[in-house]
Amino acid sequence: MATLITKYHGLSRFFHWISAIIVIGLFAAGYWMVDLSYYSEWYKTAPHWHKSVGLCFVAFTTARLIWKLLSTAPAMEGSAFEKKAASAAHILIYILLFTMFLSGYLISTADGRGIDVFDWFEVPGLGSFIEDQADYAGLVHEYVAYTLIGLASLHALAALKHHFINKDNTLKKML
Amino acid sequence: MKKLMMASALTAAMAFPLSAMAADYTVDTKGAHAFVSFKVSHLGYSFIQGRFNEFDGTFSYDADNIEASKVTVNVNTESLDSNHAERDKHLRSDDFIDASKYSTAKFVSTKVTKNADGTLSIAGDMTLHGVTKPAVIDAKFIGEGKDPWGGYRAGFEGTTRLQVADYGIKVVGASSYVDLDIVLEGVRN
């Protein structure tokens, strides 16, 4: 006899909220650092940290997905349409995250250089697969970042709507 | 006999000085025997060197009538390569040469002068970042002759200094100018 799950597992909540902080942090850092002037003292450090955190986030998100498969989630609430839309949005967020990982990697490794992660280890580069890879991957990275932030905002608004309008368990199960 | 033949050849050459007509050449980009390189100050302490990998060009050259020479080079600015993908992306962006908007840079000569020391001054119009300005390339003739594959080649090297502000490109720190170094080897058409 399974007990009714009303909350996400602690580890799931940990993954969720840390991811939220990292995504917002990386977005803010990325938005800011692309306009840094050459002579800014952050010109080298900001991209270095952005890439380091981003690459660690790949491992983190992979672990999160494995945990998601192993754990049980509490039931979704809302209309059939809302449930479908929410599931689709969740899947899309994961797809966008991995698109960000891949496009980011392809910018920095287009010349075959690896990426230093916090001067701790280096992720090797594989060089270019297409002409002007750094530029195209850069465009994908930029537009997908805006899309991801847009979708994440919608996701947060939906949670708030459930909490304050429907007064259901949607937000509370993640707190 | 040999001497006689050479003498008659010489006489013939002197009798018909116009027989050596200006010849048209196509820059050998296919075999990559031509280079459009640049050098920009880094912090004032050193230089960044890079090049444009895609360009084409033609020139006409006649050793006996230098003034009639002409040269045109078109460069695909998106092919900028400084051996660092992230830097290339930044240099191609609208912070610098805005390569997606101004994808062609070119030089079209207007007047070629031979200097007393044998070097050439090639005046022309340089277009970069959508701005066309007069520029003079200090060039020298390197050599010409038959190649081992049945063709005829001539080669030049030229340098010029461009003030980036002249072309509407923002000056960053010590890098107010760019030195271009152009090596062109042409195959006679």
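Reminder, nothing fancy here: chain letters follow the sequence lines and each chain counts from 1. All values reported here derive from a predicted model rather than from experimental measurement. Basis for what follows: all heavy atoms, side chains included, without hydrogens, waters or symmetry-related copies.
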Step through the atoms of chain B and chain A and list each donor-acceptor pair whose separation is under 3.5 Å.
from      : atom 1 : to        : atom 2 : distance (Å)
His42(B)  : NE2    : Tyr38(A)  : OH     : 2.5
Asn83(B)  : O      : Arg113(A) : NH1    : 2.8
Asn83(B)  : O      : Arg113(A) : NH2    : 3.1
His84(B)  : ND1    : Asp111(A) : OD2    : 3.4
Ala85(B)  : N      : Asp111(A) : OD2    : 2.6
Glu86(B)  : OE1    : Lys51(A)  : NZ     : 3.4
Glu86(B)  : OE2    : Lys51(A)  : NZ     : 2.9
Glu86(B)  : OE2    : Ser108(A) : OG     : 2.5
His90(B)  : ND1    : Tyr43(A)  : OH     : 2.8
Arg92(B)  : NE     : Asp135(A) : OD1    : 3.1
Arg92(B)  : NE     : Asp135(A) : OD2    : 3.0
Arg92(B)  : NH2    : Asp135(A) : OD1    : 2.4
Ala174(B) : N      : Tyr39(A)  : OH     : 3.4

Under a 4.5 Å side-chain heavy-atom rule over Ile, Leu, Val, Met, Phe, Trp and Tyr, are Phe47(B) and Val40(B) clustered together? no
In this structure, would Phe15(A) and Met76(A) fall into the same cluster of hydrophobic residues linked by side-chain contacts under 4.5 Å? no
Ile21(A)-Leu160(A) co-clustered via ILVMFWY side chain contacts under 4.5 Å: no
Minimal non-hydrogen separation, Ala134(A) against Ala85(B), with atom names: CB-O, 3.9 Å
Do Ile149(A) and Leu97(A) belong together in a cluster built from hydrophobic side chains that touch within less than 4.5 Å? yes
Please determine whether residues Val183(B) and Phe156(B) belong to a single hydrophobic cluster, defined as Ile, Leu, Val, Met, Phe, Trp and Tyr linked transitively by side-chain heavy-atom distances below 4.5 Å. no
